[in-house]
Every structure is written in structure tokens, then in C-alpha cells.
Amino acid sequence: MRPQVLVVLLLVLAAAAPAEAVRYVRSLENIPLESQPSDMVVTDSGAVWFALPGQSSIGVYLPDVGLRYLRLGFRATNLALSAGTIAAYSPGSPGLAIIDASSAQIVLETSGPGMIDDVTPVDAGFALIRKLPTTTLLQHVSPSGGVLWETNIPVELERYGVAAGSGRYVWLRTKASHLLMVEIGREGYKEFKPGLEPLLLASAGGKVWAISREGEAALVSVRGVERRVDLKTRIYLGDEALALEADRLVLLSPVTELIIHVSGSEVVRETLYDGVAQAALRGGSEVYILGKSLKNILVASFSRPPTISDASASPAEDGASIRLRARVSDPDNDLAEGPTALAMLGTTVVTAAMSKSGDIYYAELRVPEGEGTLRVVVEASDAGGNRVRVDVGAFEVSGGRVKSSGTPPPQTVSGQEFQSLIMLSVEMSLFVVLIAAAGLVIMSRSRRRRRKR
């Protein structure tokens, strides 16, 4: 390798930032589907619901139970999930069914008035877009099927896949490629021009992602366009767009067999080994992906790690225990039961669950018998499989008592910073190895030149 090439390689490695790759956490196998589902949703409990128009049924799959069917009086092709209930419908037809997800009982089955263009989740139920002979109606429907509020939409909308909603906001695609924002319970609307022709919509946190065929994505809020992202791939009708918390986006394509994750300005693209037949979001950060074989569901986690801050440790008055406190939170609100305090002396480990008072966690750890440096650590994990460990302090101990403080505690880092530090240490180690290799190459060439002389 030439020294100049090696230097360039070193600079590239030093400048590279680790990509936020897709993380797969588990797989559901041997799902007994007999026909292609046209839609899919996943409840917080992990029950997977399928629209099976070929069987004139709705299917619910429980991993430890199996697949059972519910028959409706019409063929439902689309599903929406909100407040523990599922709405089943077919765009362009009048039929609507609302199902209690916990009991799998049909709460309501009705027909009309007009044709349903779309159903999207909002607070306390669903928003229905109904096409009537002379107007378009937006209805706020409760989980029991009662109409809570409705308003006329005087603008011509696209047909099918027209709406996306979250919180108290519903976003609608117009024929003019604009977006209408309607706040549930308030008359009127606000119109936005996203600067692209939306093909897909996905909403979370009251905002909406508008995605064009050309692979442009715009994040729009009540203040206007907040961000634009080039996905560097073409988008097709039938691709799945899922909005995550913290203004993130996941796209899955049956055509290109890609899963694309947008976080900030970073776009990560990966190939799905079994393709994708359907996909659905569970909670705020897990994506269930039904493969083209229809027999396996791969679960991808986009959960962000917990954050640990304001952590400290001090010995009790008698020196026989260490008292810890820390502020622990999770950006996806899926923190496990509670953080854990650990004291490590050689191979001896003492642990204690931390209890919460206000927004601070506390714990007290006994000092183990033995002599040496006692490391004190706070560890937190979340439902997404992330685990973060932060050193809080070190103490010199002997005979089950603290004798003196050891090395000062390092600066507290958040979960994301912690992972970044790990990646940085790996990159720096590689950097040192390559520097040494470069030195050997240069020294070797220098020796060969001296021999030739």
C-alpha cells in the first residue's frame, strides 16, 4: 500500500460517523396465513391483525395461541388502530366495522352514508373521510363508533390514501398536490404547499411526512415545512410509510425490498432478506415486517437508548454503604421498570434496584467484603433492547468499609453519547493500528532504498 493512499484512508476513517443501522430484535415464525393480507396492524400487546379480503375475514395472530378469524358482512381491505380498537373498511365502499382489540369482539358494523375514502387514527378514536354525492365529510368517531364531531371539506381531495392523522390533527392530500390540516373540533382548515406531489403520508406527534414518487420527503407541521430529505430512491404506490417519534420516518417497499430509516439528516437504507408483504408499527419504535413468504414476521427496533444524567455517589456516614442518585429518562418513553445500581469489587458484584422520588432515582449499595477499588455504576435499559451503563464513582475499600475516594467519577454521558464514545474508541484503536502499519511501510521502504545504495 502506498503511504499516500494509506493517509487518505486514515482521514476517511477518522471523518466517518457510524450510521444508525436497523436493529432486528426478534422473529415470529410459522405464521399459518393461507392468503395474502392487504393490510396489517399490531396492538401494544403484540397481537397482529390482518385484513384478509380473499377469505372475507379479519385475522388476529397471537404468538402463543395461533391465528383466529372474524367474519364481517363485507370484505375489508384496510385496517386502522386507535385507543385499543380496530377500524376495518374498504376505500370506495360504505362498510365500516369497529372491533375491540382486547376481546376480538365486533363493537359496530355499519354501512353508509356515502363511501369511505380513508380512516386514520387520532386522539380518542378515528377520523373518517366520507365521500357524499355533493360534499366530502370529515368525521371524528369514538372507539365505540359514535360520531363526536364532523365538518365539511370544500376542497377536492385525492381518492384513497388521502389522510394521515395523529393527536388532534388530520392531514389531507388535495388534487392540487397541497396539504390541508384540520384540527379535530375546530371548523376550517389550513392549507400548505409542500413543494412536491405527495404520494404517501405518515403522521406522528401532530406533524406529517409527505413523500413523492421521486423520493422527496417533506416534514410539515402547523408552522410549515420543517425539513426536506432526499431518499435517493423511487417510491411506489403500495410502499409503507411509518412516522416515528422525534420526527423520524421508516419506509418499506415491496418493489425495491428496501427498508429506509430517516433520522435527522441521516438516511439509512438496508435490503430486507425476505422482502416485505406488509408492515406495521407497534408502539412508537417497533416495526413488524411480514416477509413475502407470509410465514415469518421480523421485528425491527428503532428505539433510542435511555439517558442518564446528574449521577453521583457518596459513602454513608459509617462507610458501610454507598448512596447513589441519578436522573434517568428515555426519549421513546419505554424505559424498563427502573434503573439498577451496581458496585463491583473484583469479581464481586452487588446490585440494587433504584427507586424513584420525583424525577430522581435513588439507591443504597452495601460495600462488599474485600480490599481494592470499588467501581459504582448506574445501568438503565428500555423495552427496545437498549442498555446504557455509566460509571458514577470509585472508592478504595477494605473490610466492608470505604477508606477513601478512588479515581474521580467520569463525566456523565447520555445513552447516545455513550454509544458514540464506544464507536469512537473502536475507530481510534483502528486509527492507531493503521498509523503503526503506515510507519512500518515507510520504514521498510527506507531500508530497501539504503540496501540498494
Side-chain angles (χ1 to χ4, degrees), residues 78 80-83 87 89 91 114-132 134-143 147-229 231 235 237 239-251 262 264 281 284:
N78 290 55
L81 172 67
S82 178
Y89 65 102
M115 303 297 178
I116 297 176
D117 277 358
D118 210 344
V119 180
T120 186
V122 291
D123 280 351
F126 303 92
L128 271 65
I129 313 301
R130 289 190 184 273
K131 189 71 173 179
L132 302 176
T134 58
T135 187
T136 298
L137 199 63
L138 188 155
Q139 295 180 321
H140 183 202
V141 177
S142 73
V147 177
L148 304 174
W149 173 83
E150 63 183 26
T151 186
N152 289 316
I153 304 297
V155 178
E156 189 176 8
L157 303 178
E158 284 284 3
R159 297 298 300 275
Y160 316 131
V162 63
S166 59
R168 296 196 59 80
Y169 296 100
V170 181
W171 298 84
L172 307 170
R173 293 193 300 144
T174 74
K175 284 283 190 181
S177 297
H178 298 170
L179 294 176
L180 301 186
M181 184 276 290
V182 180
E183 184 177 355
I184 296 294
R186 296 187 63 177
E187 295 299 322
Y189 60 86
K190 190 173 182 180
E191 190 167 5
F192 297 87
K193 298 178 181 179
L196 51 81
E197 295 184 10
L199 177 68
L200 304 177
L201 299 179
S203 179
K207 301 179 183 180
V208 68
W209 282 97
I211 304 113
S212 73
R213 292 181 185 274
E214 293 73 28
E216 300 173 275
L219 178 65
V220 186
S221 72
V222 294
R223 295 180 295 274
V225 177
E226 293 190 358
R227 191 195 318 161
R228 296 185 184 276
V229 179
L231 303 175
I235 304 300
L237 194 63
D239 286 0
E240 191 79 45
L242 305 170
L244 308 183
E245 295 179 358
D247 301 340
R248 295 176 296 153
L249 175 69
V250 171
L251 285 127
V262 178
L281 186 64

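Values reported hereafter were calculated over all heavy atoms of this structure, with side chains retained and with hydrogens, waters and symmetry mates removed. The first residue of the sequence shown is numbered 1, and numbering continues consecutively from there.
The two residues Leu251 and Ala241 have their closest heavy-atom pair at CD2-CB, 4.0 Å. In terms of heavy-atom proximity, Ser203 sits nearest to Gly165 at OG-C, 3.6 Å. Val182 approaches Gly188 most closely through the heavy-atom pair CG1-O, 4.0 Å. Taking both residues in full, the closest heavy atoms of Ser177 and Pro194 are given as O-CD, 3.7 Å, listed atom of the first, atom of the second, then distance. Of all heavy-atom pairs between Ala243 and Leu281, the closest is O-CD2, 3.6 Å.
Leu244 has its side chain out of reach of Leu249: every pair of non-hydrogen atoms, C-beta onward, lies at least 4.5 Å apart. Considering only heavy atoms from C-beta on, Tyr160 stays 4.5 Å or farther from Arg173 through its side chain. Between Pro198 and Leu200, every side-chain heavy-atom pair lies at or beyond the 4.5 Å cut-off. The shortest distance between side-chain heavy atoms of Leu157 and Ile129 falls below 4.5 Å. The side-chain heavy atoms of Val147 and His140, taken from C-beta on, include no pair separated by under 4.5 Å. Side-chain contact between Asp123 and Ile184: absent, with no pair of heavy atoms (C-beta onward) separated by less than 4.5 Å. Under the 4.5 Å side-chain criterion, counting only non-hydrogen atoms from C-beta, Leu179 is in contact with Leu201.
Checking Glu197 against Ser212 by side-chain atom types alone, no donor-acceptor pair falls below 3.5 Å.
Here the rule is side chain to side chain contact (heavy atoms under 4.5 Å, CB included) with Leu172, and of Val208, Leu138, Val155 only Leu138 fits it. None of Asp118, Thr136, Ile116 except one satisfies the side chain to side chain contact (heavy atoms under 4.5 Å, CB included) rule with Lys131; the exception is Thr136.
Not a single donor-acceptor pair under 3.5 Å links the side chain of Arg213 to the backbone N or O of Leu237. Of the possible donor and acceptor atoms, one in the side chain of Ser82 sits under 3.5 Å from a partner among the backbone N and O of Val122. Proximity of a side-chain donor or acceptor of Arg186 to a complementary backbone N or O of Glu183 within less than 3.5 Å is not detected. A donor-acceptor pair is defined here as one N or O able to donate and one able to accept, closer than 3.5 Å; such a pair exists between the side chain of Lys190 and the backbone of Val222.
The OG1 atom of Thr174 sits 11.5 Å away from atom CD1 of Ile153, with the distance rounded to the nearest 0.5 Å. Rounding to the nearest 0.5 Å gives a distance of 4.5 Å between CG of Leu137 and CD of Glu150. We find the CD-CG distance between Glu191 and Leu180 to be 5.5 Å, quoted to the nearest 0.5 Å. The distance from atom CG of Asn152 to atom OG1 of Thr134, rounded to the nearest 0.5 Å, is 8.0 Å. How far CD of Glu214 is from CG of Leu199: 9.0 Å, rounded to the nearest 0.5 Å.
For Asp117 and Arg130, the salt-bridge test fails: no basic side-chain N is under 4.0 Å from an acidic carboxylate O.
Contacts classified as ring pair (Phe, Tyr, Trp, His ring centres under 6.0 Å) and involving residues 168-197 (residues at least two apart or in different chains) are given here: Trp171-Phe192.
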side-chain contact (heavy atoms from CB on, under 4.5 Å) between Trp209 and Val229: does it pass, once the steps are laid out? CA-CA 10 Å; Trp209 282 97; Val229 179; 4.2 Å; yes
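For Arg159, the CZ atom is densely surrounded, since the number of other residues' heavy atoms within 6.0 Å is greater than 12.
Residues passing the side-chain contact (heavy atoms from CB on, under 4.5 Å) test with Asp247, sequence neighbours excluded: Lys207, Leu219, Glu226, Arg227. Residues meeting the side chain to side chain donor-acceptor pair (under 3.5 Å) test with Asn78, sequence neighbours left out: none.
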